[in-house]
Amino acid sequence: MRHLFRSVTGKLTFLLCVLLLTACSTSDVSLYAKNEPKFDLQSFFTGPLTAHGILKNRSGEVTRYFNATLEGRWKGGVGILAEKFVFDDGEIQHRTWIMTPNEQGEYSATANDVVGSGDIKMSGNALFMNYVLQVPYDGDLIEVNVDDRMYMVKEGVVINESVMKKFGVEVGYLSIVIEKASQ
């Protein structure tokens with residue numbers, strides 16, 4: 001019996017270690033440094049864009065669909081990106097991002113429904129940003145942590161994947177295709 005207990009305890013310890021290591025690991029945006037086309041924040045988020053996406057719950061079930069129009073402009077290195085989302089149930093949401101450069105040439109971003117700001121990290125064709133978003137839930141607003149990852153898959157087309165967490169638990173997923181509007 002003692003041998004069985006040690007065997008089970010050893011396996012549980014190993015499994016716990018693996019889970020902790022994978023929970024702590026996250027891909028680094030620098031892994032995409034050599035990927036093309038290069039993601040140029042100011043170039044991509046200038047002028048009109050369209051977006052189409054889905055929102056999934058923590059079980060992976062699609063709960064909402066949406067289409068959006070975006071309009072970006074820059075002045076003095078500061079970018080403003082106005083977004084209008086139209087959901088399948090008719091709800092309309094607006095978000096306005098303000099992207100501000102720092103001394104290192106990187107950007108931080110905030111919006112009307114973002115708590116504080118998020119640091120934008122770019123490398124190659126990728127852009128990563130983490131921030132806290134206020135979302136309506138059950139007649140109230142809750143704050144969720146968002147891990148945003150954007151990948152330019154060809155000139156003028158970006159795929160955005162987001163994971164939303166509350167208390168460290170994944171509660172939702174967002175997938176969006178963003179395209180530069182034809183001019």
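The shown structure was predicted, so the numbers you read here are calculated from the model rather than taken from an experiment.
- Transitive grouping of hydrophobic side chains (ILVMFWY, heavy atoms separated by less than 4.5 Å) keeps V29 and I178 in distinct clusters.
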Could you list the donor-acceptor pairs under 3.5 angstrom formed by side chains in residues 72-83, with sequence neighbours left out?
unit_1, atom_1, unit_2, atom_2, d
W74, NE1, Q42, O, 3.4
W74, NE1, F45, O, 3.1
W74, NE1, T46, OG1, 3.3
E83, OE1, W97, NE1, 3.3

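- Between the side chain of T63 and the backbone N or O of L55, at least one donor-acceptor pair lies under 3.5 Å.
- Transitive grouping of hydrophobic side chains (ILVMFWY, heavy atoms separated by less than 4.5 Å) brings F66 and V171 into a common cluster.
- Taking both residues in full, the closest heavy atoms of N112 and H94 are given as ND2-O, 3.3 Å, listed atom of the first, atom of the second, then distance.
- Considering only residues two or more places apart in sequence or on other chains, E91 meets the salt bridge (Lys or Arg N to Asp or Glu O under 4.0 Å) condition with R64.
- Considering only residues two or more places apart in sequence or on other chains, E179 meets the salt bridge (Lys or Arg N to Asp or Glu O under 4.0 Å) condition with none of them.
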Candidate pair F39 and Y32, rule ring pair (Phe, Tyr, Trp, His ring centres under 6.0 Å), full reasoning: CA-CA 10 Å; F39 199 129; Y32 304 94; over 10 Å; no

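- Using a 4.5 Å cut-off between side-chain heavy atoms of Ile, Leu, Val, Met, Phe, Trp and Tyr, V153 falls into a hydrophobic cluster with V157, I159, V177.
- For the residue pair S123 and S30, the shortest heavy atom distance occurs at OG-CA, 3.6 Å.
- At distances below 3.5 Å, at least one donor-acceptor pair connects side-chain atoms of D88 with backbone N or O atoms of Y65.
- At least one donor-acceptor pair closer than 3.5 Å links the side chain of K180 to the backbone N or O of F44.
- Y151 and L70 fall into different hydrophobic clusters, where Ile, Leu, Val, Met, Phe, Trp and Tyr side chains are chained together by heavy-atom contacts under 4.5 Å.
- Taking all atoms of both residues into account, the shortest heavy-atom contact from P37 to M152 is CG-CG, 3.6 Å.
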Can I get a per-line list of side-chain donor-acceptor pairs under 3.5 Å for residues 131-146, giving both atom names and the distance, sequence neighbours left out?
unit_1, atom_1, unit_2, atom_2, d
Y131, OH, D148, OD2, 2.9

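- Each of Y173 and F85 belongs to its own hydrophobic cluster when Ile, Leu, Val, Met, Phe, Trp and Tyr are linked at side-chain heavy-atom distances under 4.5 angstrom.
- No side-chain heavy atom of D28 sits under 4.5 Å from any side-chain heavy atom of F128.
- A single hydrophobic cluster is not seen to contain both L49 and I98; linkage of ILVMFWY side chains at heavy-atom distances under 4.5 Å, directly or through other members, places them apart.
- Nearest heavy atoms, I120 versus M99: CD1-CG, 4.3 Å.
- K38 meets the side chain to side chain donor-acceptor pair (under 3.5 Å) test with no other residue; sequence neighbours excluded.
- Looking only at distances, no side-chain donor or acceptor of D147 sits under 3.5 Å from a matching main-chain atom of V163.
- Heavy atoms from other residues, nucleotides or ligands lying under 6.0 Å from NZ of K56 number 12 at most.
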